[in-house]
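I have placed the structure first, in the form of structure tokens, so that the comments after it can refer back to it.
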Amino acid sequence: MALSDFLKQLDEFSASAVEAFGRCGDAGSLESARIEFLGAKSGTLRALQKQLGTLQSDEKPQGGKRFNEVKREVEESFKTAAARLESGESTGGAAKGPRFDPTLPGQAFDIGHLHPITQTIEELKDIMGRLGFSVADGPEVEDERHNFEALNIPLEHPARDPLDNFYLSVAGKDAKGPLLLRSQTSTVQIRVMEQTAPPVRVISIGRVYRPDTADATHYPMFHQMEGLLIDRHVTMADLKTVLRLFATSYLGHDVHIRFRPSFFPFTEPSVEVDMSWGDGWIEFGGAGMVDPNVLQSVGYDPEQVSGFAFGLGVERLCMRRHRITDIREFYRNDVRFLRQF
Ligand code: PHE
């Protein structure tokens with residue numbers, strides 16, 4: 001064989017072996033490439049070594065020198081590729097880290113969801129919206145006029161006891177007297193009637209605060225849904241009908257509603273609202289016909305209009321729906337509980 005052909009073959013061998021080792025992405029393919037190019041029995045290098053013997057004797061030293069150079073080059077490039085795979089890098093210049101396996105199952109993202117009470121609030125708004133009630137809002141920090149006075153709760157009334165309310169030490173800018181965290185959403189009745197002429201048909205859902213010790217059925221903060229309907233000739237039958245329609249929508253069809261006589265300063269007559277599914281009565285809140293004194297305090301004429309109001313516990317509704325037995329679960333923020341809704 002002519003020396004020039006031999007040297008050309010050496011160059012080709014070197015180029016393709018270096019290229020192949022550099023392309024290998026895992027130990028298996030590197031090993032096949034090693035056998036192909038450097039294999040002791042039938043690798044290309046071995047074949048070239050045999051060719052070396054066919055050169056004319058005066059060309060052998062030059063051919064042999066170049067052969068040894070190429071051999072070192074290729075072995076070196078094999079070692080580099082092996083070290084690269086060892087260190088976890090897949091191909092030359094590619095990003096570090098394990099190779100992407102498209103056949104593995106995907107990773108599901110935990111995207112979370114709304115808190116059960118928030119979900120309940122959305123659903124209550126939806127149901128009451130279908131009954132024609134729009135949504136009103138009021139502040140959680142209230143003055144005594146909206147939390148008590150306009151609701152016909154006079155100064156000496158026990159409901160205003162500092163031990164039964166969260167009074168704040170800061171004074172209101174415009175309000176006379178101290179501020180407090182509202183103890184009931186009935187405050188929004190006043191705010192709505194102050195701003196709109198009758199007829200009125202609103203609900204308001206939000207947080208209320210009472211200094212109760214937390215137990216399975218009490219929490220110092222909870223939510224109420226207040227309802228207020230003012231129009232001509234509104235009666236207690238309308239109140240019962242609206243509550244029944246609401247209860248069947250939210251809690252199911254075989255619900256019974258019971259009114260027990262009660263007292264609230266802002267309604268007359270007043271009732272406690274109980275519901276039953278044939279398994280005993282549960283109290284959900286209070287209701288009644290809006291007291292003429294309240295209508296007067298916002299400038300309505302009690303001779304012209306009448307109305308009903310109700311206030312239901314949102315947690316209680318949600319607890320009944322989902323058979324939750326401890327109100328504290330809502331506010332422990334334990335995902336094992338929250339994840340179920
Ligand atoms: N505000 C009353 C309470 O918190 C509930 C209620 C609302 C009663 C409206 C009558 C009318 O207990």
Side-chain angles (χ1 to χ4, degrees), residues 121 124 128 131 133 135-140 142-154 157-161 164-166 180-194 200-212 217-231 234-244 246-247 257-275 282-298 300 302 305-317 327:
I121 290 172
L124 300 185
M128 295 309 290
L131 293 174
F133 287 77
V135 176
D137 249 327
E140 289 175 26
E142 265 295 7
D143 52 41
E144 292 189 295
R145 165 169 163 76
H146 292 91
N147 204 83
F148 300 125
E149 270 140 44
L151 286 164
N152 202 30
I153 307 176
H157 194 280
R160 296 175 69 153
D161 191 323
D164 291 332
N165 293 282
F166 285 111
L180 71 161
L181 299 181
R182 67 180 178 191
S183 60
Q184 48 186 355
T185 45
S186 302
T187 53
V188 187
Q189 290 185 34
I190 304 302
R191 292 196 171 267
V192 169
M193 289 190 286
E194 279 173 343
V200 168
R201 195 190 289 211
V202 294
I203 54 158
S204 183
I205 308 182
R207 298 189 186 100
V208 298
Y209 302 84
R210 296 176 192 178
D212 287 331
T217 52
H218 296 86
Y219 207 76
M221 183 282 302
F222 60 99
H223 294 74
Q224 285 186 326
M225 174 169 76
E226 192 83 10
L228 176 69
L229 188 147
I230 308 277
D231 209 335
V234 180
T235 71
M236 245 172 144
D238 301 316
L239 168 61
K240 207 162 186 176
T241 302
V242 164
L243 287 176
R244 192 193 311 281
F246 161 73
I257 293 200
R258 179 173 81 176
F259 283 171
R260 271 179 300 119
S262 186
F263 175 81
F264 298 102
F266 36 92
T267 45
E268 182 57 36
S270 302
V271 294
E272 307 276 352
V273 182
D274 296 346
M275 298 180 196
I282 304 174
E283 186 192 318
F284 280 97
M289 302 306 292
V290 179
D291 193 291
N293 284 346
V294 174
L295 296 175
Q296 246 154 10
S297 78
V298 295
Y300 284 13
V305 293
S306 58
F308 65 72
F310 60 84
L312 306 179
V314 173
E315 278 81 355
R316 228 171 241 206
L317 289 164
I327 190 173

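Whatever order the structure lists ligands and atoms in, that order sets their numbers, starting from 1.
- To the nearest 0.5 Å, atom OG1 of residue Thr217 and atom CZ of residue Arg316 are 6.5 Å apart.
- Glu268 is linked by a side chain to side chain donor-acceptor pair (under 3.5 Å) to nothing, counting only residues two or more places apart in sequence or in another chain.
- Protein residues with a heavy atom closer than 4.0 Å to ligand 1 are Gln184, Ser186, Gln189, Arg210, Gln224, Glu226, Phe264, Phe266, Thr267, Gly286, Ala287, Ala309, Phe310, Gly311, listed by chain and number.
- Scored by the salt bridge (charged side-chain N to carboxylate O under 4.0 Å, His left out) test, Arg191 finds Glu142 as partners (sequence neighbours excluded).
- Under the 30°/60° scheme for interplanar angles, the aromatic rings of Tyr209 and Phe166 are found to stand perpendicular.
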Donor-acceptor pairs under 3.5 angstrom involving side-chain atoms of residues 284-295: please list them, not counting sequence neighbours.
residue: Asp291; atom: OD1; partner: Asn293; partner atom: N; Å: 2.8
residue: Asn293; atom: ND2; partner: Asn152; partner atom: OD1; Å: 3.3

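- Closest heavy-atom contact between Arg160 and Ile153: NH1-O, 2.9 Å.
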